[in-house]
There are 2 protein chains.
Amino acid sequence: MSVEDKQKPQRNDRVTIRTVATHAGVSVAAVSKVMRNAYGVSEALRAKVTDAIEALGYRPSRAARGLRGRSFTIGVLLIDIRNPFLPDVIAGVNGVLAPSHYQAMIGVSNARVQLETSLIESMIDYKMDGLVLVAPRLPSEILAKFAVQIPIVAVGYHDASATAFDTVNADDQRGAEIAVEALLACGYRGIEMLSLGEREGHAVSVVRQREIGYRRAMQRCGFGASAPIGKIPMASPKREETMRKFLSRQDRPRAVFCWSDLDAITLLSLAMEMGVRVPDDLAVIGYDNSSTAALGLVNLASIDQSGRELGQVATRALISRIEGRTASEHILQIPSLVSRGSLIGSDTK
Amino acid sequence: MSVEDKQKPQRNDRVTIRTVATHAGVSVAAVSKVMRNAYGVSEALRAKVTDAIEALGYRPSRAARGLRGRSFTIGVLLIDIRNPFLPDVIAGVNGVLAPSHYQAMIGVSNARVQLETSLIESMIDYKMDGLVLVAPRLPSEILAKFAVQIPIVAVGYHDASATAFDTVNADDQRGAEIAVEALLACGYRGIEMLSLGEREGHAVSVVRQREIGYRRAMQRCGFGASAPIGKIPMASPKREETMRKFLSRQDRPRAVFCWSDLDAITLLSLAMEMGVRVPDDLAVIGYDNSSTAALGLVNLASIDQSGRELGQVATRALISRIEGRTASEHILQIPSLVSRGSLIGSDTK
DNA sequence: CGTTATATGGAGAACGTTCTACATTTCATC
DNA sequence: GATGAAATGTAGAACGTTCTCCATATAACG
């Protein structure tokens, strides 16, 4: 509007720590001290500086911060964004972070080890302050190597012997036991587990843990150590085909424990389509108690491991590690059963 | 192991551009040039440098890069991580980014304007190269202000008059028309829309656009301009209560068009629970064609706007803008109907 | 009043890149 | 050979912070 409109400051208008210092009539170092509320700042100085910050709308550059010190960002790595269990974890992370000055940035690896690695490296290169890895695929040694460079908490990754990083898990073995016990308590006898058919069978993975729990519960109840475990491939076309085959088997079990709601729900859908009645012909119990399982239409009994809580606990652990803790922590939550129609018919029809 | 174990380089072992330069026997600037494959690099030089990079396992620091030039990161802002439509968008973004040297970092705003603002600011402060905002809540003027500082593409945000940023949308008005037309074609006459009950009624929001399309289609078919639109609150307790009330109305319409699968699916669940048969008593059509809608158990007819494609198109637009385009683009995709059991019974029972 | 502690503020060197200028070499072309 | 033009490589100044020393001012104490 004014005649004095300048051309120059069009892009060069970034308010830096220097602008603030000049405006407040103090040194750059002083402003920095106030920002980090470091030692050696008088009330008068603080007031001057905060006023200037307010007046100019100053925001420190995260990039520059990261170059020298902390970036106040924590990275979250998700294996997969479609699994409805993961948003719960994110919600937990964000809940804990919200009141703090930390912020979360999320990366999605799509279960690709390659991408997972490069994402972790990127987060390190951004000088993020810490990482929450949700169900990472990388082997423990590699994670340990990364953990030297940045504080790490792994969620959904069983390695209680790791010393370089922390782990936060629901007790997946126990969860599987609870599932089996629930099926037995309902009187079902022929019980099978449907697990994930993956080449990698790390004991670190939650899937493997659930298999162990399933086997143990079956054995304890006298059904032999080699209780049957079916493998469902991950990729979509094969996946449904395998399930259909399972459903049409003539020696189909009376009840099935699925390693994840994701599979359980698809199974339920196919069962309906193929005329297999649930739970009359086949009882189903899933894992994660995802929001979809809770839908009236789906009505899937499931093991609840409170993703939200896992996210919260993991974040708190990470922050304590960022703030200096060095001894590793391995936290185990107890999962619980949420009974629904797929386990035992609600109506006495 | 060796006796010469040094204490010093324990943390100081970062391989920087300087390490590479020394190792290759060239200048720092030369290495930088190779990295950015800038003009003025001979084959011999390039070979020396890439060898050194390989040998040392050098990765440029994103933090330092961001401070001076590009960071090769694009920020994605999600309004909500629970809506199963959004993972599709992410998949599209990642698909386009994967072969490039760009990487995506995701922030989740949980529909909070405050958080959305601070996340955008953070991404700017990280010197990210561009932003994909998915269904942002901020008004257009504010977005325009941000767009001066960083290239922005908004997805699910209708503002074809914006000059500072691009928009990528499915044609939500058309989508709603298609839905209404489909219901009419099935012979249903009493049709209502269930929309989102929010204070904010920006025309930019997809919800409002769908309402407009619904009204227009109804009017065109002779059902008056004031076709009824019910409002469903977002928060969970009130939400279901409102739906129950709707379902038990004695003047309940014959068919309903829901603004989102999210609501449609809950409605389907409640309908089953309350004994309202779908589609015999009530036909339902949703929006988004989310993965949940496709489940056999749910079997919800829905308007497909291919989130994946939106993500791809948006990312390509963003990259072209990063690379210099200044004129704004406003892209509109045509949605399509996916007919399923909630629209017309598949079996002739 | 000296002398010593303590509290307060500032100078300036990192941090690891990018990128503008410039210096040098190589190559045509006359 | 001389003369530009083009190609190739380098020095070094940013970028916006943090943080270690230092310098000074003030308080405490005998």
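Per chain, numbering begins at 1; letters A, B, ... match sequence-line order.
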Considering only [options], which nucleotide approaches the side chain of [X] most closely?
X     : options                : answer
A:S27 : C:dC19, C:dG16, C:dA11 : C:dA11
A:A64 : D:dG16, D:dA11, C:dT17 : D:dG16
A:Y39 : C:dA7, C:dT18, D:dG12  : C:dA7

OP1 or OP2 of C:dC19 under 4.0 Å from side-chain N/O of B:S32:
no
Quick one: does B:D88's side chain have a donor or acceptor within less than 3.5 Å of a partner on B:R308's backbone?
no
Give one of base, sugar-phosphate or nothing for [X], where a contact means two heavy atoms less than 4.0 Å apart.
X      : answer
B:K127 : nothing
A:A30  : sugar-phosphate
A:R46  : nothing

Output the rounded distance in Å from [atom1] ([X]) to [atom2] ([N]).
X     : N      : atom1 : atom2 : result
A:L67 : C:dT18 : CG    : P     : 12 Å
B:R65 : C:dT18 : CZ    : C1'   : 9 Å
B:R68 : C:dA14 : CZ    : P     : 19 Å

Salt bridge present between B:D51 and B:R46 (N-O < 4.0 angstrom):
no
Is the shortest distance from a Lys or Arg side-chain nitrogen in A:R59 or B:D125 to a carboxylate oxygen in the other one below 4.0 Å?
yes
For the residue pair A:R70 / A:Y102, report whether a side-chain donor-acceptor contact shorter than 3.5 Å exists.
yes
Please list all pairs meeting salt bridge (charged side-chain N to carboxylate O under 4.0 Å, His left out) that have one or both residues in residues 313-333 of chain B, counting only residues at least two apart or in different chains.
B:D166-B:R321, B:D166-B:R325, B:R325-B:E329
What's the angle between the local helix axes at either end of the helix from C:dC1-D:dG30 to C:dC30-D:dG1, using five pairs per end and rounding to 10 degrees?
40°
